[in-house]
Amino acid sequence: MNSFEYVRPATIAEAVAAGAAPGAAFLAGGTNLLDLLKGDLMRPTRLVDVTRLAELGRIERLPGGGVRIGALVRNADLAHDQPFASDFPAVAEALLSGASAQVRNAATVGGNLLQRTRCVWFYDVASACNRRAPGTGCDARGGEGRGDAVLGWSEACIATHPSDFCVPLVALDAVVEIAGPAGRREVPLDLFHRLPGDAPERDSVLAPGELVVAVRLPPEAAAFAAHARYLKLRERTSFAFAVVSAAAALRMEAGGIVAARIALGGVAAKPWRARAAEDVLAGARPDGTVFRRAAEAALADARPSGPDATRIELARRIVARALALAAAGTPARVPALPASPFAPIPGAAAHV
Amino acid sequence: MSEIALTQAPAHARHGSNIGQPLTRRDGVLKVTGAARYAADNHPPGMLHAVLAISRIARGRVAFLDVAAAGAHPGVVAVMTPANAPKLAVDPEVKTHPFVFRIDVLQNDRVRYAHQPIAVVIAETLEAATEGAALLAPRYETEPAQTGLDGDDGFVPPVLGAGQPAVLRHGDVAAGLAAAARRIEATYATPAQYHNAMEPHAIVAAWDGGRLLIDTPSQGLVLARARIAELFGLEPGHVLIRSPFLGGGFGSKGLLTGPQVLGIMAARLVGRPVKLVLRREQMFGPVGHRAPTRQTLRLGTDADGRLTALDHHTRTATSRFDDFIEPCGGVSHTLYAAAAIATTHEAVRRDTGTPNFMRAPGEASGSAALESAIDEMADACGMDPLAFRLHNYAEVEPVSGKPFSSKALRACYAEGAARFGWARRPRAPRQMRDAGGRLVGWGVGTATFPALMFQAEARAVLRRDGTAIMESGAHDMGQGAWTALAQIAADALGLEIGQVEFRAGASDLPDAGIAGGSAHTATAGIAIHGAGADAIARLAALAVGDERSPLFGAGNAGVVARGGRLHRSDDAARSESYADILARAGLAEIQGQGRSAADPAAQTRYAMHAHGAVFAEVTVDPALGQMRVTRLLGAFAAGRLINPRLVRSQYYGGMIWGVSFALHERAVMDPRTGRPMNPNFAAYHVPVNADIPAIDAILVEEHDPHVNALGIKGVGEIGITGTAAAIANAIWHATGVRPRRFPVMPHEVVALMA
């Protein structure tokens with residue numbers, strides 16, 4: 001069989017040292033990496049299993065109201081952590097809308113950030129893919145085009161980042177804590193993933209050996225808890241990646257919007273923060289007109305990378321809808337169909 | 001004699017008649033505890049693992065394989081390519097039987113479709129074989145490949161899938177359309193779909209000199225045995241196939257596939273037992289699929305809403321090298337009393353594997369189009385779609401003029417409509433919303449499937465200890481044959497089900513016919529019933545002719561078998577146990593034989609079909625286009641039901657596949673390369689639990705004295721028919737826009753509504 005070295009470091013320093021070697025890959029939940037290995041899409045020569053680094057498995061409250069989430073915290077554990085879900089309900093809803101219960105039990109916070117695209121050409125070894133095999137081309141160009149990027153893409157790559165979790169995180173100014181050969185550093189999540197440019201093989205700004213150790217949400221993020229939603233359009237009711245998705249968080253006072261946070265998923269190679277849309281909303285009264293204007297601002301730079309432009313309009317609509325849902329107020333508990341258009345709509349009558 | 005038998009006691013005891021009782025699956029405990037042995041669970045001593053290398057081009061030839069690199073990999077025992085593949089006794093390109101399909105088993109370097117096997121690597125471990133296959137790094141001479149239905153190269157095939165005519169005309173359709181007061185014409189598209197049973201095709205093959213032992217899932221053991229014997233030049237009796245459990249078949253395991261043959265060849269090449277299991281992506285190519293279709297329906301009615309003409313044209317695809325033409329027009333032959341009916345088919349040849357039977361072949365795709373068109377016609381007539389169907393109800397089979405052997409479709413419509421609440425449906429679309437303001441629509445589709453029957457045999461043995469054996473080479477694909485057929489056996493033998501050792505799932509048992517066409521319970525069951533009756537008759541002959549028996553002289557009055565005893569028909573108090581009769585006769589056992597076959601006289605006289613009505617409620621997000629089938633109800637009449645619990649499960653499974661057909665399932669082929677781009681369950685969507693929030697099935701009473709001796713019509717496929725159209729019709733009723741491309745996707749609904 002294809003041999004690779006398997007190491008299980010006991011400390012972050014050991015992990016960073018082991019991960020700095022050429023061909024090394026960090027292994028956490030393995031929900032994406034193992035598929036990539038089995039599909040012969042990645043051939044690491046060394047797997048650095050970081051799952052024994054217990055210090056990365058904690059959820060810590062920070063003074064002032066922020067939270068620090070260890071990179072090894074499982075998606076399910078984070079979503080079901082009640083204090084966390086109360087302060088950051090859109091993040092919990094996004095987590096619970098992703099994958100299946102079994103996958104969420106295994107998948108980790110750090111792995112979620114670093115999952116690869118779900119572009120089908122990336123997963124087809126016989127296809128040209130600059131992200132998988134630099135310089136080979138992009139067979140997604142000229143393909144069916146239903147999952148392709150509409151923002152921030154390049155001629156070299158039109159793939160999208162598939163994460164749900166990252167979308168509200170980037171809206172809420174999450175920061176990624178990184179340990180590396182040169183010591184520790186912090187990168188805002190919005191700057192963590194790279195747009196493809198002419199080097200789509202690099203998903204993120206991580207250098208060799210650099211390990212995500214935590215994701216931090218600042219205290220200000222919790223101020224949006226009363227009006228924060230995540231909404232995801234899917235081609236089936238559950239267990240599907242987003243066609244498009246949006247996180248919307250509002251800080252409201254006296255019926256007006258004081259501050260807004262908006263991000264989109266499934267539209268670019270990174271979770272897409274829509275600051276221009278946020279500016280539209282600051283100081284506005286919440287209504288459908290202003291939500292639509294914000295949505296148009298969010299997609300102002302969008303252009304189709306393939307034959308199908310309908311996703312741009314769908315993205316506008318999901319931003320507007322997510323804003324409306326956020327304005328209506330965060331539900332007391334995450335709906336049974338998290339982030340689904342079929343979840344109960346706040347304010348709607350329980351019966352016809 | 002096979003060692004495969006299911007003697008485990010059922011979950012609950014049942015006394016008296018077994019047929020008609022909702023027994024739980026007798027193999028349920030084995031399955032939930034993991035004790036049920038599926039093909040790939042077999043590991044004979046010395047077994048090696050084989051892994052397919054598959055083509056990444058759709059047309060051309062394999063120019064180079066790095067056999068040296070693969071062969072040098074530690075653990076690799078052999079690399080099988082066209083250069084060293086064992087020779088077969090007959091050319092697999094020769095169609096020796098109407099149900100022999102051409103397979104690709106390394107007889108040359110040609111590539112005819114993506115994912116075609118191009119080599120087999122055999123190794124000590126699965127991992128080594130997998131890596132060896134990757135190291136082959138094939139190079140190709142690629143020729144342009146073509147998929148899809150576009151092009152001007154259509155031809156009219158000589159016959160369709162199972163031998164039906166490609167063109168059938170009843171009455172004058174042109175005149176009927178010309179005379180119509182109202183007409184509609186619409187074209188519906190259905191995608192390629194790939195069978196994806198939970199259990200992929202798998203084989204464990206072990207040669208023992210000139211004998212061959214095979215574990216592989218099969219829906220047709222005797223056909224498979226005959227094909228294997230022919231390909232390898234063996235006596236059929238020297239080939240034993242064991243297939244006690246299938247993790248689903250859906251038609252793809254009905255006929256022997258190329259990868260299964262490659263497993264046997266690999267075992268011969270290395271002289272050791274070999275196991276070969278398909279990876280999920282390998283299911284998208286060499287083991288059949290449902291072909292894409294483009295169906296054009298032209299309907300006309302008179303001013304009163306009665307159909308004057310029904311024209312159903314199908315364009316579909318088959319492979320470059322073999323013919324399987326999806327017979328979509330069949331549903332239009334039977335459902336509506338149109339004065340004139342024409343069904344025509346044309347096909348194109350494309351660089352794909354050969355399509356094959358896939359659950360309700362023809363009827364699933366055909367009813368999706370027909371039942372959508374009927375809905376459009378009803379709307380054009382300003383009629384409720386259910387009323388329109390009743391208005392055009394076929395009292396006799398339209399194209400043949402034959403009466404139906406039975407047809408409780410009216411009851412299906414009525415019982416389904418009542419439970420669904422159809423009477424409250426507003427006729428116009430876009431009238432209903434849920435509490436959240438989402439659009440809600442209701443749709444109906446008619447379900448139909450022919451009542452088929454094949455040939456089978458069975459053998460019964462009554463033993464001196466009062467127990468019995470029933471043998472039938474029947475196939476349990478998950479549908480519950482181990483249970484339903486044992487129920488028939490118990491009743492036929494006048495014994496409790498626990499006293500009957502039922503043997504099935506092996507090729508050395510009596511031929512039970514193919515488990516397809518929704519005909520297995522009837523086909524195998526009637527043979528079983530006959531074998532039981534024959535054994536009882538022989539036993540009765542012993543008793544009534546023996547003056548020492550209390551039944552002596554009862555020959556004219558006759559006897560009844562019940563509870564392990566024969567009773568005089570006219571005096572139940574006079575009886576004798578089977579054991580006593582055999583003991584007195586000095587016999588250890590007594591055997592009976594049974595056979596089944598369709599009755600040609602009845603077939604000549606009657607049209608035989610199961611029917612049903614499917615009602616769907618769909619909720620649609622008006623802005624985002626996301627859809628959900630929030631209620632699904634089917635009412636089906638299929639003659640006598642042996643086990644209503646299992647029948648309901650078949651209906652549910654079929655209807656859920658109908659949801660998949662309507663909203664989810666499609667193979668995405670890259671038109672530039674001919675490769676399937678979504679050959680995995682992450683990208684090839686089927687419904688998940690959240691897509692099926694509410695499902696129900698009504699088992700409508702139907703007595704059919706003509707269809708066969710047990711009155712069974714079959715339930716395996718009908719559930720998928722009608723369902724996809726019911727959902728599409730509900731989407732129209734919710735939104736006012738008519739989707740005509742399956743599966744219906746959110747972005748398309750949004751585009752239609754724009």
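Since the structure is predicted, the reported quantities are computational estimates derived from the model, not experimental observations. Order of the sequence lines fixes the chain letters, A, B, ..., with proteins taken first and strands second; residue numbering starts at 1 for each chain.
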For residues S340(A) and Q626(B), report the shortest heavy-atom separation together with the two atoms involved.
OG-NE2, 4.3 Å

Could you pull out the closest heavy-atom pair between L337(A) and A690(B), with the gap in Å?
CD2-CB, 4.1 Å

Applying a strict 4.5 Å limit to non-hydrogen atoms, the region of T619(B) in contact with chain A is both

So for V668(B), is it side chain, backbone, both, or neither that comes closer than 4.5 Å to the heavy atoms of chain A?
side chain

Could you go through the side chain to side chain donor-acceptor pair (under 3.5 Å) check for R56(B) and S127(A) one step at a time?
CA-CA 9 Å; R56(B) 303 295 176 181; S127(A) 287; over 6 Å; no

At what distance, to the nearest 0.5 angstrom, does CD1 of I345(A) lie from CG of D621(B)?
7.5 Å

Can you name the salt bridge (charged side-chain N to carboxylate O under 4.0 Å, His left out) partners of R430(B), sequence neighbours left out?
none

To the closest 0.5 Å, what do you measure between CG (N678(B)) and OH (Y123(A))?
14.0 Å

Around atom CG of N689(B), are there more than 12 heavy atoms of other residues, nucleotides or ligands at under 6.0 Å?
no

Presence of salt bridge, E131(B) and K38(A), under 4.0 angstrom:
no

Donor-acceptor contacts under 3.5 Å from residues 739-754 of chain B side chains, at least two apart:
{"residue": "R740(B)", "atom": "NE", "partner": "E376(B)", "partner atom": "OE2", "Å": "2.9"}
{"residue": "R740(B)", "atom": "NH2", "partner": "E376(B)", "partner atom": "OE1", "Å": "2.8"}
{"residue": "R741(B)", "atom": "NE", "partner": "E748(B)", "partner atom": "OE2", "Å": "3.4"}

Report which part of L663(B) has an atom under 4.5 Å of a heavy atom belonging to chain A: side chain, backbone, both, or neither.
backbone

If one checks every heavy atom of Y140(B) against chain A at 4.5 Å, the contacting part turns out to be neither

Results of side-chain contact (heavy atoms from CB on, under 4.5 Å) for C129(A) - residues two or more places apart only:
F122(A), R131(A), R132(A)

Less than 4.0 Å between a side-chain N and a carboxylate O, is that true for R666(B) and E144(A)?
yes

With chain B, the option among V244(A), D35(A), D139(A) that has the most non-hydrogen atom pairs under 4.5 Å is D139(A)

Check each atom of D691(B) against the heavy atoms of chain A and say whether the ones under 4.5 Å are side chain, backbone, both or neither.
both

Counting heavy-atom pairs under 4.5 Å with chain B, the top scorer among A336(A), G142(A), G143(A) is G142(A)

Start with the C-alpha gap between F342(A) and T630(B), add the side-chain angles, then the distance that decides, and say whether side-chain contact (heavy atoms from CB on, under 4.5 Å) holds.
CA-CA 10 Å; F342(A) 295 110; T630(B) 36; 5.7 Å; no

Report, in residue-number order, which members of residues 234-242 of chain A are under 4.5 Å from chain B by heavy-atom distance.
R234(A), E235(A), R236(A), T237(A), S238(A), F239(A), A240(A)

What part of R438(B) lies closer than 4.5 angstrom to a heavy atom of chain A: side chain, backbone, both or neither?
side chain

Closest heavy-atom pair, P341(A) versus L624(B), reported as atoms and distance to 0.1 Å, is CG-CD1, 4.0 Å

Check each atom of A309(A) against the heavy atoms of chain B and say whether the ones under 4.5 Å are side chain, backbone, both or neither.
neither

Can you name the closest pair of heavy atoms from R321(A) and A623(B) and give their distance?
NH2-CB, 3.5 Å

